[in-house]
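Here's the structure, in structure tokens; my notes come after.
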Protein chains: 2
Amino acid sequence: MDTNVTQLLKTYELKVTPQRMCIVEELMKNGHLSIDELYEKIRERFPSLSLATVYKNIHAMMDKNFIKEVKIPNVKSKFELTKNDHAHIICEKCGKVEDVDVNSLSIIKEVEEKSSYKIDHTDLIFSGICPECLTKES
Amino acid sequence: MDTNVTQLLKTYELKVTPQRMCIVEELMKNGHLSIDELYEKIRERFPSLSLATVYKNIHAMMDKNFIKEVKIPNVKSKFELTKNDHAHIICEKCGKVEDVDVNSLSIIKEVEEKSSYKIDHTDLIFSGICPECLTKES
DNA sequence: GCCTAATAGAAAATAATTGTCAATAGAAAA
DNA sequence: TTTTCTATTGACAATTATTTTCTATTAGGC
């Protein structure tokens with residue numbers, strides 16, 4: 001996995017540093033993390049890492065399209081590794097964020113017809129209650 | 001329209017002040033505004049208004065569900081008066097934000113089936129090029 | 001191993017948002 | 001109306017969030 005991360009960083013033209021590897025590994029492990037969550041996670045393994053470095057790397061990685069920001073209502077932005085297009089679901093109870101593949105072709109078509117825009121990108125966030133919280137709740 | 005705004009504020013249990021009326025009027029006129037845009041617009045008519053007051057009112061109005069925050073990729077959040085559920089389109093060229101009504105029932109159903117979440121809310125942002133910029137561009 | 005440009009970390013600088021507090025202004029009651 | 005009470009305003013300070021600056025260090029090519 002180390003090699004994996006190294007390769008990944010190189011693919012995106014990012015110099016391989018221990019700090020960056022750490023960031024990527026945490027994102028692989030956790031999926032979606034805010035700046036603060038990321039910083040805390042990493043400090044457990046890498047106490048010397050500074051917050052400014054997290055910010056700088058987040059930007060460097062976004063510039064290379066290696067990671068993406070996910071803006072979610074009511075909470076701080078999360079970051080994730082870039083993957084195939086997908087939507088996000090957030091549980092309003094426990095705050096968990098998950099990916100979900102949806103077929104957005106028809107809704108894009110609908111939007112294009114109604115608006116006359118040429119759409120090239122979507123950000124779809126669904127909020128609700130996850131199956132785990134649903135069972136606990138009833 | 002004055003009376004209109006006054007009534008609106010009262011409906012949402014918000015004390016009617018000139019500052020608030022100004023905020024609401026600008027949102028009615030412009031549709032979607034960031035904090036800064038709102039502040040600038042209002043200062044033209046109401047130079048004494050302070051930025052802190054804008055923030056405080058934005059929060060008061062969000063608490064009463066009178067306005068909503070719209071989080072858009074790459075740009076600062078915009079605020080809009082609460083209306084019927086709708087999606088948003090942003091033009092990547094000129095930055096214009098518009099509402100669009102979409103039928104999201106089937107996509108919600110798809111998400112619920114794939115994720116086992118119970119979805120109660122969606123935030124759908126579509127990015128692309130608006131018809132005006134499309135014509136200019138070619 | 002050596003060289004060069006990029007990166008990390010500490011700290012300061014800037015930007016964004018929120019809190020404090022005295023003065024004032026809505027709105028309800030007298 | 002006038003009075004009273006509480007919420008709001010605006011100036012300012014305080015926080016919080018993010019970015020920049022600067023120097024020492026390090027990655028990666030030769």
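Lettering follows sequence order; numbering is per chain, from 1.
You won't find any donor-acceptor pair under 3.5 Å spanning the side chain of Lys10(A) and the base of dG28(D), going by distance alone.
Counting to the nearest Å, the P atom of dT8(D) and the OH atom of Tyr12(B) are 17 Å from each other. Following rounding to the nearest Å, Leu49(A) (CG) and dA10(C) (P) show an atom-to-atom distance of 9 Å. Put simply, CE on Met62(B) is 12 Å from C1' on dT17(C), counting in whole angstrom units. Distance, Gln19(A) CD to dA24(D) C1': 14 Å, rounded to whole Å. Straight-line distance from the CD atom of Glu13(A) to the C1' atom of dA27(D): 16 Å, rounded to whole Å. Look at CG on Leu9(B): it is 12 Å from C1' on dG26(C), rounded to the nearest Å. One can place OH of Tyr55(B) at 16 Å from C1' of dC12(D), the figure rounded to the nearest angstrom. Atom CG of Asn57(B) is separated from atom P of dT9(D) by 4 Å (rounded to the nearest Å).
Of the two residues contacting DNA chain D, namely Thr17(B) and Pro18(A), the nearest-nucleotide position lying further toward the 5' end is that of Thr17(B). Annotation: of the two residues near DNA chain C, Lys15(B) and Leu51(B), the 5′-most nearest-nucleotide partner is Leu51(B). Checking Arg20(A) against Arg43(A), the closest nucleotide of DNA chain C that is more toward the 5' end is the one next to Arg20(A).
Closest to the His59(A) side chain, of the nucleotides dA17(D), dA11(D), dT19(D), is dT19(D).
Heavy-atom neighbours of Lys109(B) NZ from other residues, nucleotides or ligands within 6.0 Å: at or below the threshold of 12.
Residue Thr53(B) places at least one side-chain N or O closer than 4.0 Å to OP1 or OP2 of dG10(D). One finds no side-chain N or O of Ser50(B) lying less than 4.0 angstrom from the OP1 or OP2 phosphate oxygen of dA11(D).
No side-chain N or O of Gln19(A) forms a donor-acceptor pair with one of Thr53(A) less than 3.5 Å apart.
The base-pairing partner of dA29(C), taking Watson-Crick or G-U wobble contacts with both distances under 3.5 Å, is dT2(D).
Ionic pairing of Glu80(B) and Lys83(B) is present here: one or more N-O contacts between side-chain nitrogen and carboxylate oxygen are shorter than 4.0 angstrom.
Within the 4.5 Å cutoff, the side chain of Thr82(B) has no heavy atoms near those of the Met61(B) side chain. Within the 4.5 Å cutoff, the side chain of Glu98(B) has no heavy atoms near those of the His88(B) side chain.
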